Participant: 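If you scroll down you'll find the structure; I have some questions about it.
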Amino acid sequence: MATFPVINLEKLNAAERSTTMDKINDACENWGFFQVLNHGIPHDFLDTVERLTKEHYKKCMEQRFKELVASKALEGLQAEVTDMDWESTFYISHLPQSNVAEIPDLTDEYRNVMKEFAVKLENLAEELLDLFCENLGLEKGYLKKAFNGSKGPTFGTKVSNYPPCPTPDKIKGLRAHTDAGGIILLFQDPIVGGLQILKNGEWVDVPPMRHSFVINLGDQLEVISNGRYRSVEHRVMTQTQGSRMSIASFYNPGSDAIIYPAPALVENEAEEKKEWYPKFVFEDYMKLYAGMKFQAKEPRFEAMKATATA
C-alpha cells in the first residue's frame with residue numbers, strides 16, 4: 001500500500017521545487033490529504049499550543065466529558081453507537097469575527113496564544129491555496145478570491161480531545177465524513193493516533209508526527225477544481241490508552257460566497273463532466289450539510305444541483 005504523503009515545504013525554495021509541487025498535486029488528486037513539515041511555524045510555539053490545550057482539557061473539560069458524554073455513550077451499551085462521537089470539543093471563531101474573548105475558562109495566556117495561532121494558520125492556509133492555484137493552472141489568488149464573500153472568508157478552529165475509551169469497538173471518536181468547507185489544517189497529537197482516511201476502499205492510518213500539520217481538502221475545493229481535487233472520507237478511532245489532542249482549523253468560504261467550478265477548469269472538459277458540479281451559495285450548502293454530514297457527499301451535490309435548477 002502507498003505511504004501517506006509527507007511533504008517538506010522547505011524544498012519549495014530549493015532546486016526540488018518542481019518535484020515538491022508534483023508531490024502536492026498528487027496528494028490533492030489521489031489522497032485528499034497530506035502532511036507538511038517545515039511550514040514556517042516555530043516548533044517552540046507549537047509546543048506551547050499543545051501544552052496549553054492539554055492543560056485546559058484536564059482542568060476544564062475532562063470532568064464535563066465524563067458526565068455528559070461518557071456516561072450517556074456507555075449506558076446500557078450493547079450495539080455500536082452510531083448517533084454520537086467520543087470527543088470533547090470547543091470552537092473558536094476567527095473570521096469574519098473572533099469570539100476568543102467570549103469563550104469561558106480560557107486563561108489569558110491561552111487566549112493570546114490561540115489568537116497568534118490563528119494568524120499563523122490563516123497565512124499558511126493562503127500560501128497552500130496559492131500552491132494549489134499554481135498546480136491547477138489558475139491565477140495566483142484565485143482560490144482565496146473564490147472563498148471571499150462580502151466579509152471575506154470564514155475561519156475557525158475546532159479544539160478536540162479524544163479521551164481513552166473502554167469500548168473502542170462500539171463507538172468512534174468521530175464518525176466517517178468529508179469536510180464541507182475549503183482547506184483544513186490539523187495540528188494533532190504527536191503520540192496518540194486514531195485519524196484514518198479512506199483510500200481505495202481501505203482505511204489508512206494518518207501517522208502522528210511532531211510539529212507537523214495534516215492538510216485535507218473540503219467539498220468546496222472539489223467543486224471549484226471541478227473534481228480534479230477530492231474531499232475524502234475520514235474518521236477518528238477511539239483508543240483504550242492515551243488522550244488524543246486534535247486542533248483543526250477550517251479556512252472556508254464566506255457564508256455568502258458563490259461556489260462553482262473554475263471556468264478555466266471546465267472549458268476543456270467533456271460535456272457530461274462540465275455539468276457534474278453545482279453552483280450554490282456556501283451558506284445554503286452548510287445548511288444541507290448539517291443534516292447530512294455523516295452521509296456520502298454525492299447526494300449533497302445532487303441536492304444543491306436540484307435546488308439551483310428549481
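In this text, all values refer to a predicted model and were calculated from it rather than measured experimentally.
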Participant: Tell me yes or no: between the side chains of R300 and Y289, is some donor less than 3.5 Å from an acceptor?
Facilitator: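 No, no side-chain donor-acceptor pair sits under 3.5 Å.
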
Participant: Side-chain donor-acceptor pair under 3.5 Å between N99 and H94, yes or no?
Facilitator: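 The criterion, which ignores hydrogens and geometry beyond distance, is not satisfied for H94 and N99.
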
Participant: Considering all heavy atoms of both residues, which atom of V281 and which atom of S255 are nearest to each other, and what is their separation?
Facilitator: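 Looks like CG1-O, 3.4 Å.
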
Participant: CD of Q241: more than 12 outside heavy atoms within 6.0 angstrom?
Facilitator: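 No.
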
Participant: Flag yes if I92 and M286 sit in one hydrophobic cluster, no otherwise; membership is Ile, Leu, Val, Met, Phe, Trp, Tyr, and two members link when side-chain heavy atoms are under 4.5 Å apart.
Facilitator: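 As far as the 4.5 Å side-chain criterion goes, M286 and I92 are connected within one cluster.
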
Participant: Can you tell me if E126 and Y251 form a side-chain donor-acceptor pair at under 3.5 Å?
Facilitator: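 Yes.
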
Participant: Establish, yes or no, whether the cationic atom of K158 lies under 6.0 Å from the six-membered ring centre of F250 and within 45° of the ring axis.
Facilitator: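 Judged by the rule, K158 and F250 form no cation-pi pair.
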
Participant: Can you check whether V36 reaches I24 side chain to side chain, under 4.5 Å on heavy atoms?
Facilitator: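 The answer is no, as the side chains (C-beta and beyond) never meet within the 4.5 Å cut-off.
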
Participant: Charged N to carboxylate O under 4.0 angstrom, K59 versus E55?
Facilitator: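 No, this pair does not count.
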
Participant: Using the rule given for side-chain contact (heavy atoms from CB on, under 4.5 Å), can you reason through V206 versus Q188, listing the C-alpha separation, both sets of side-chain angles and the distance that settles it, and then say yes or no?
Facilitator: CA-CA 10 Å; V206 177; Q188 68 167 344; 4.0 Å; yes

Participant: Quiz question: by atom type and distance under 3.5 Å, do the side chains of E222 and Y277 form a donor-acceptor pair?
Facilitator: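 E222 vs Y277: donor-acceptor pair found between side chains.
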
Participant: Determine the minimum heavy-atom distance between F147 and A257, stating which atoms define it.
Facilitator: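 Smallest heavy-atom distance, with atoms named: O-CB, 3.8 Å.
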
Participant: Between R111 and S98, is any side-chain donor less than 3.5 angstrom from a side-chain acceptor?
Facilitator: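 The criterion, which ignores hydrogens and geometry beyond distance, is not satisfied for S98 and R111.
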
Participant: Would V6 end up clustered with L185 when hydrophobic side chains under 4.5 Å apart are linked, directly or stepwise?
Facilitator: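 No: no chain of side-chain contacts under 4.5 Å links V6 to L185.
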
Participant: Does a donor on one side chain and an acceptor on the other come within less than 3.5 Å for S160 and T89?
Facilitator: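 Judged by distance alone, the side chains do not pair up.
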
Participant: Is there a side-chain hydrogen bond (donor to acceptor under 3.5 Å, both in side chains) between E62 and Y57 once you walk through the steps?
Facilitator: CA-CA 6 Å; E62 186 174 43; Y57 173 73; 4.7 Å; no

Participant: State whether the side chain of D189 and the backbone N or O of M245 hold a donor-acceptor pair below 3.5 Å, judged by distance alone.
Facilitator: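 Yes; at least one donor-acceptor contact below 3.5 Å.
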
Participant: Under 3.5 Å, is there a donor-acceptor pair between the side chain of D179 and the main chain of G181?
Facilitator: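 Such a contact is absent between D179 side chain and G181 backbone.
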
Participant: Please check if the number of heavy atoms outside E298 that lie under 6.0 Å from its CD is greater than 12.
Facilitator: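 Above 12, so yes.
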
Participant: Answer yes or no: is there a side-chain heavy-atom contact under 4.5 Å between E50 and P190?
Facilitator: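 Of all side-chain heavy-atom pairs linking P190 with E50, at least one is under 4.5 Å.
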
Participant: Got a second to check how far K145's NZ is from L138's CG, nearest 0.5 Å?
Facilitator: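 It is 12.0 Å, given to the nearest 0.5 Å.
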
Participant: Nearest 0.5 Å, please: how far is CZ in R235 from CH2 in W203?
Facilitator: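 It is 5.0 Å, given to the nearest 0.5 Å.
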
Participant: Please check if M237 and M84 belong to a single hydrophobic cluster, counting links between Ile, Leu, Val, Met, Phe, Trp and Tyr side chain heavy atoms closer than 4.5 Å.
Facilitator: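 Cluster IDs for M237 and M84 differ.
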
Participant: Just wondering, do T178 and V232 contact through their side chains at under 4.5 Å, heavy atoms?
Facilitator: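 Sidechains of T178 and V232: no contact.
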
Participant: Tell me the closest heavy-atom pair linking N161 and S243, and the distance in Å.
Facilitator: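 Shortest heavy-atom contact: OD1-OG, 3.7 Å.
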
Participant: Work out which heavy atom in T240 is nearest to a heavy atom in P164; give both atom names and the distance.
Facilitator: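 Nearest heavy atoms, T240 then P164: O-CB, 3.4 Å.
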
Participant: Is V192 reachable from Y162 through a run of hydrophobic residues whose side-chain heavy atoms are each under 4.5 Å from the next?
Facilitator: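 No: no chain of side-chain contacts under 4.5 Å links Y162 to V192.
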
Participant: Please say whether more than 12 non-hydrogen atoms of neighbouring residues, nucleotides or ligands are located less than 6.0 Å from OH in Y260.
Facilitator: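 No, not enclosed.
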
Participant: Return the minimal non-hydrogen interatomic distance between L195 and V214, and the atom names on each side.
Facilitator: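 So the two residues come closest at CD2-CG1, 4.4 Å.
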
Participant: In terms of relative ring orientation, are W86 and F65 parallel, tilted or perpendicular, with 30° and 60° separating the classes?
Facilitator: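 Ring orientation, 0 to 90° scale: perpendicular.
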
Participant: With a sphere of 6.0 Å drawn around NZ of K54, does it hold more than 12 non-hydrogen atoms of other residues, nucleotides or ligands?
Facilitator: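 Enclosed.
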
Participant: Over all heavy atoms of both residues, which pair between D130 and G141 is shortest? Give the atoms and the distance, please.
Facilitator: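 Looks like OD1-N, 2.9 Å.
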
Participant: Using a 3.5 Å distance criterion without hydrogens, assess whether the side chain of Q220 forms a donor-acceptor pair with backbone atoms of A180.
Facilitator: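 Yes, the answer is positive, given that a donor and an acceptor are paired below the 3.5 Å cut-off.
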
Participant: State, with a plain yes or no, whether a side-chain heavy atom of I191 is found less than 4.5 Å away from one of R210.
Facilitator: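 Yes, close enough: below the 4.5 Å cut-off.
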
Participant: I'd like to know whether Y229 forms a side-chain hydrogen bond (donor to acceptor under 3.5 Å, both in side chains) with N25, so could you lay out the CA-CA distance, the side-chain angles of the two residues, the decisive distance to 0.1 Å, and finally the verdict.
Facilitator: CA-CA 8 Å; Y229 290 175; N25 194 55; 2.7 Å; yes

Participant: What distance do I41 atom CD1 and S212 atom OG have between them, rounded to the nearest 0.5 Å?
Facilitator: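 The OG atom of S212 is 11.0 Å from CD1 of I41, to the nearest 0.5 Å.
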
Participant: Are H211 and F187 an aromatic pair, judged by ring center distance below 6.0 Å?
Facilitator: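 So the answer is no for these two rings.
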
Participant: As an exercise, state the distance from OG1 of T154 to CG of L95, rounded to the nearest 0.5 Å.
Facilitator: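 Between T154 OG1 and L95 CG, I get 8.0 Å after rounding to 0.5 Å.
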
Participant: Without swapping roles, check the side chain of K297 against the backbone of S231 for a donor-acceptor pair under 3.5 Å.
Facilitator: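 Here the side-chain-to-backbone pair exists.
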
Participant: May I have the step-by-step check of side-chain contact (heavy atoms from CB on, under 4.5 Å) for Q35 and M209, ending in yes or no?
Facilitator: CA-CA 9 Å; Q35 199 149 206; M209 193 175 291; 3.6 Å; yes

Participant: Closer than 4.0 angstrom, basic N to acidic O: yes or no for R17 and E134?
Facilitator: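 Salt bridge present between R17 and E134.
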
Participant: Strictly distance-based, threshold 3.5 Å: is any side-chain N or O of R230 a donor or acceptor partner for the main-chain N or O of G227?
Facilitator: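 Looks like yes, one N/O pair under 3.5 Å.
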
Participant: Can you find a pair of side-chain heavy atoms, one from I247 and one from F117, that are under 4.5 Å apart?
Facilitator: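 Yes, close enough: below the 4.5 Å cut-off.
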
Participant: Looking at the rings of W276 and F301, which for Trp means the six-membered one, are their centres under 6.0 Å apart?
Facilitator: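 Ring centres of F301 and W276 not closer than 6.0 Å.
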
Participant: Is there a side-chain contact between C28 and F34 in this structure, where contact means two heavy atoms from C-beta onward sitting under 4.5 Å apart?
Facilitator: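 Touching, per the 4.5 Å side-chain cut-off.
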
Participant: Can you check whether H177 reaches H234 side chain to side chain, under 4.5 Å on heavy atoms?
Facilitator: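 Yes, side chains in contact.
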
Participant: Pair I215, F213 - check side-chain contact (heavy atoms from CB on, under 4.5 Å), show working.
Facilitator: CA-CA 6 Å; I215 310 300; F213 282 92; 4.1 Å; yes

Participant: Quick check for you: to the nearest 0.5 Å, what is the distance between N252 atom CG and F155 atom CZ?
Facilitator: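 Here the interatomic distance stands at 9.5 Å.
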
Participant: Less than 4.5 Å apart, side chain to side chain, heavy atoms only: is that true for I103 and F90?
Facilitator: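 Sidechains of F90 and I103: in contact.
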
Participant: Looking only at the side chains, is there a donor atom on one of D256 and S150 sitting less than 3.5 Å from an acceptor on the other?
Facilitator: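 There is such a pair (donor and acceptor under 3.5 Å, judged by atom type) between the side chains of D256 and S150.
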
Participant: So, K287 side chain and F282 main chain: donor-acceptor pair closer than 3.5 Å or not?
Facilitator: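 Side chain of K287 to backbone of F282: no pair is present.
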
Participant: So, does D26 use its side chain to make a donor-acceptor pair with the main chain of D22 at under 3.5 Å?
Facilitator: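 Pair absent, no side-chain N/O of D26 close to backbone of D22.
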
Participant: Can you tell me how far the CG atom of N148 sits from the CG atom of L143, to the nearest 0.5 Å?
Facilitator: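 If we round to the nearest 0.5 Å, N148:CG and L143:CG are 11.0 Å apart.
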
Participant: For T238 and K170, run side-chain contact (heavy atoms from CB on, under 4.5 Å): C-alpha distance rounded to whole Å, both residues' side-chain angles, the deciding distance at 0.1 Å, then the answer.
Facilitator: CA-CA 9 Å; T238 48; K170 294 287 199 298; over 6 Å; no

Participant: Linking I/L/V/M/F/W/Y whenever any side-chain heavy atoms sit under 4.5 Å apart, do L129 and I224 land together?
Facilitator: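 Yes, L129 connects to I224 through the hydrophobic network.
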
Participant: Can you list the steps and then say if R51 with E109 is a salt bridge (Lys or Arg N to Asp or Glu O under 4.0 Å)?
Facilitator: CA-CA 11 Å; R51 174 179 62 80; E109 182 188 13; 3.3 Å; yes

